[in-house]
Participant: 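Please read through the structure below; I'll follow up with questions.
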Amino acid sequence: MPDIVLKQATKYYRGEKRLEIGVKDVDLTIEQGEFVFIIGSSGAGKSTLVNLITGQLRPDRGEFFLGDKNLWKISGRSRNRRLLVMGKVWQEPSLIRKRTVRENLEMAARITLQRTETPVQRLVRIQKVLGLVGMRGVEGKYPVELSVGECRRVELARALINSPPILVLDEITANLDDDTIWDIMHLLSEVNRRGATVIMVTHASQYVNIMRRRVVTLVDGKVFGDVKKGRYGNVV
């Protein structure tokens, strides 16, 4: 699995009167197999940072390495192929409402290089990953038939469908009840234990404190704290 390295990563947004800072001069290395919480107040740059990590945004300045490759120095096709190693869950709901759960997951499953996989084999894979997130038996349902928490679990299943070595999650626990959050944290710990890198943006402070993993704190677009086995709010 590749390490993730940001060097002097900077991203601006155009405001009404001036450029606004997304993130500025971020130096960050995430080694393969780490579990990293990214925390900070609203507007601190958390989503911008994970969008840079996943290649959704291009930095205005700086470099982004995935393994030994600077992704903004290679062609778009090669870059996109390398970014397939990441499973992602975004802050905003992203399931296609007019497609069933099975169809949503099939769309993600087809991007793998398992060209010899039959439809039956793909369905077994879908059922397995839905069972992993506690959503067995919902293949035929539409997102509108599920609760917010259930949809988030399905989105997590979609991110896990191809067994990615890197998992990036932006506020997956927002607006969920404590039982659901704890189930998700337990699952992510198991995924991480099996070797996957987990990068998670969250405001769920009590769970960050319980998990005691690496905590990266952003303030005004800059890394203000980076603590191994940290707690919410630790900066040293």
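Along the sequence shown, the residues carry numbers beginning at 1.
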Participant: Report, as yes or no, whether the 6.0 Å neighbourhood of atom CG on Asp220 holds more than 12 heavy atoms from other residues, nucleotides or ligands.
Facilitator: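 Atom CG in Asp220 is not crowded, with 12 or fewer foreign heavy atoms closer than 6.0 Å.
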Participant: Got a sec, which pairs hit salt bridge (Lys or Arg N to Asp or Glu O under 4.0 Å) with one end in residues 50-66, sequence neighbours left out?
Facilitator: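 Listed once each, the pairs are Lys11-Asp60, Asp25-Arg61.
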Participant: Would you confirm whether Asn209, through its side chain, and Tyr232, through its main-chain N or O, come within 3.5 Å as a donor-acceptor pair?
Facilitator: yes
Participant: For Pro164 and Gly87, which heavy atoms make the closest approach, and how far apart are they?
Facilitator: CB-N, 3.5 Å
Participant: Do Arg153 and Asp183 have side chains that get closer than 4.5 Å, going by heavy atoms?
Facilitator: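 A side-chain contact under 4.5 Å exists here.
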Participant: Using 0.5 Å steps for rounding, measure from the CZ atom of Arg158 to the CG atom of Leu95.
Facilitator: 5.0 Å
Participant: So how far is it from Thr202 OG1 to Asp170 CG, rounded to the nearest 0.5 Å?
Facilitator: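 Output value for this atom pair is 9.5 Å.
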Participant: State whether the number of non-hydrogen atoms from other residues, nucleotides or ligands found under 6.0 Å of Tyr13 atom OH is greater than 12.
Facilitator: yes
Participant: Between Asp3 and Gln32 (side chain of the first, backbone of the second, donor and acceptor by atom type, cut-off under 3.5 Å), is there such a pair?
Facilitator: yes
Participant: Would you sort out whether Met200 and Val36 count as a side chain to side chain contact (heavy atoms under 4.5 Å, CB included), showing the intermediate values?
Facilitator: CA-CA 6 Å; Met200 183 176 185; Val36 182; over 6 Å; no
Participant: Below 4.5 Å, heavy atoms only, C-beta onward: do Lys141 and Leu146 meet side chain to side chain?
Facilitator: yes
Participant: Could you tell me whether the side chain of Phe65 reaches within less than 4.5 Å of the side chain of Thr29, counting heavy atoms only?
Facilitator: no
Participant: Drop me the distance from Glu155's CD to Ile172's CD1, to the nearest 0.5 angstrom.
Facilitator: 7.0 Å
Participant: Of all the heavy-atom pairs spanning Met86 and Val168, show the shortest one and how long it is.
Facilitator: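 Taking Met86 first and Val168 second, the nearest heavy atoms are SD-CG2, 4.2 Å.
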Participant: Heavy atoms, side chains only, cut-off 4.5 Å: are Ile161 and Ile126 in contact?
Facilitator: yes
Participant: Nearest 0.5 Å, what's the CG-OH distance between Asn104 and Tyr142?
Facilitator: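 Output value for this atom pair is 10.5 Å.
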Participant: Give a yes or no on whether Val85 and Ile53 share a hydrophobic cluster (residues Ile, Leu, Val, Met, Phe, Trp, Tyr; joining criterion: side-chain heavy atoms under 4.5 Å apart).
Facilitator: yes
Participant: For Arg125, is there an ion pair with Glu117 - N to carboxylate O distance below 4.0 angstrom?
Facilitator: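 Salt bridge: yes.
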Participant: Output, in order, the C-alpha distance, side-chain angles, deciding distance and verdict of side chain to side chain contact (heavy atoms under 4.5 Å, CB included) for Val201 and Leu49.
Facilitator: CA-CA 10 Å; Val201 173; Leu49 180 59; over 6 Å; no
Participant: Would Val129 and Val138 show up in the same hydrophobic cluster when neighbours are defined by side-chain heavy atoms closer than 4.5 Å?
Facilitator: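 In one cluster with Val129: Val138, yes.
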Participant: Are Leu6 and Ile21 connected into the same hydrophobic cluster when the rule is that any two of I, L, V, M, F, W, Y join if their side-chain heavy atoms are below 4.5 Å apart?
Facilitator: no
Participant: Decide side chain to side chain contact (heavy atoms under 4.5 Å, CB included) for Leu130 and Glu139; before the verdict, give the C-alpha distance in whole Å, the side-chain angles of both, and the deciding distance to 0.1 Å.
Facilitator: CA-CA 8 Å; Leu130 285 173; Glu139 296 87 344; 3.7 Å; yes
Participant: At their closest point, which heavy atom of Lys88 faces which heavy atom of Leu83, and how far apart are they?
Facilitator: NZ-O, 4.0 Å
Participant: Assigning hydrophobic clusters by single linkage (Ile, Leu, Val, Met, Phe, Trp, Tyr; side-chain heavy-atom cutoff under 4.5 Å), is Leu123 placed with Leu105?
Facilitator: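 They do not share one cluster, since no chain of ILVMFWY contacts under 4.5 Å joins Leu123 to Leu105.
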Participant: How close do Lys24 and Lys222 get, counting heavy atoms only, and between which atoms?
Facilitator: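 Here Lys24 and Lys222 meet closest at O-CG, 3.6 Å.
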Participant: Taking the side chain as every heavy atom from C-beta outward, state whether Tyr207 and Ile184 have any pair of such atoms under 4.5 Å apart.
Facilitator: no
Participant: Are Phe64 and Tyr12 connected in a single hydrophobic cluster, I mean Ile/Leu/Val/Met/Phe/Trp/Tyr linked by side-chain heavy atoms less than 4.5 Å apart?
Facilitator: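 Each belongs to a different hydrophobic cluster.
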Participant: Between Leu169 and Leu188, is there a side-chain heavy-atom distance shorter than 4.5 Å?
Facilitator: yes
Participant: Can any side-chain N or O of Asn192 pair as donor or acceptor with the backbone N or O of Gly33 at less than 3.5 Å?
Facilitator: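 Checking the backbone N and O of Gly33 against the side chain of Asn192, a donor-acceptor pair under 3.5 Å is found.
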Participant: Which residues satisfy the salt bridge (charged side-chain N to carboxylate O under 4.0 Å, His left out) test with Arg194, sequence neighbours excluded?
Facilitator: Glu190
Participant: Quick check: do Arg110 and Arg122 have side-chain heavy atoms less than 4.5 Å from each other?
Facilitator: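 Result yes, sub-4.5 Å side-chain heavy-atom pair found.
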Participant: If you look at every heavy atom in Lys46 and Ile38, which pair is closest and at what distance?
Facilitator: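 Looks like CD-O, 3.9 Å.
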Participant: Could you check Ser189 against Arg213 for side chain to side chain contact (heavy atoms under 4.5 Å, CB included), going step by step and ending with a plain yes or no?
Facilitator: CA-CA 10 Å; Ser189 291; Arg213 302 303 182 98; 3.7 Å; yes
Participant: Using a cut-off of 6.0 Å, state whether more than 12 heavy atoms not belonging to Arg212 lie near its atom CZ.
Facilitator: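 Atom CZ in Arg212 is packed in, count exceeds 12.
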Participant: Are Gln8 and Asp27 side-chain neighbours, meaning at least one heavy-atom pair lies under 4.5 Å?
Facilitator: yes
Participant: To the nearest 0.5 Å, how far apart are CZ in Phe35 and CD1 in Ile199?
Facilitator: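 Answer rounded to 0.5 Å: 10.5 Å.
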Participant: Between the main-chain N or O of Ala44 and the side-chain N or O of Ser41, is there a donor-acceptor pair closer than 3.5 Å?
Facilitator: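 It does not hold such a pair.
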Participant: At their closest point, which heavy atom of Gly40 faces which heavy atom of His203, and how far apart are they?
Facilitator: O-NE2, 3.2 Å
Participant: Do Arg152 and Thr180 pair up side chain to side chain, a donor and an acceptor below 3.5 Å, judged on atom types alone?
Facilitator: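 The answer is no; no qualifying pair exists.
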Participant: Measure the NZ-CZ distance between Lys69 and Arg79 for me, rounded to the nearest 0.5 Å.
Facilitator: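 Going from the NZ atom of Lys69 to the CZ atom of Arg79 covers 13.5 Å.
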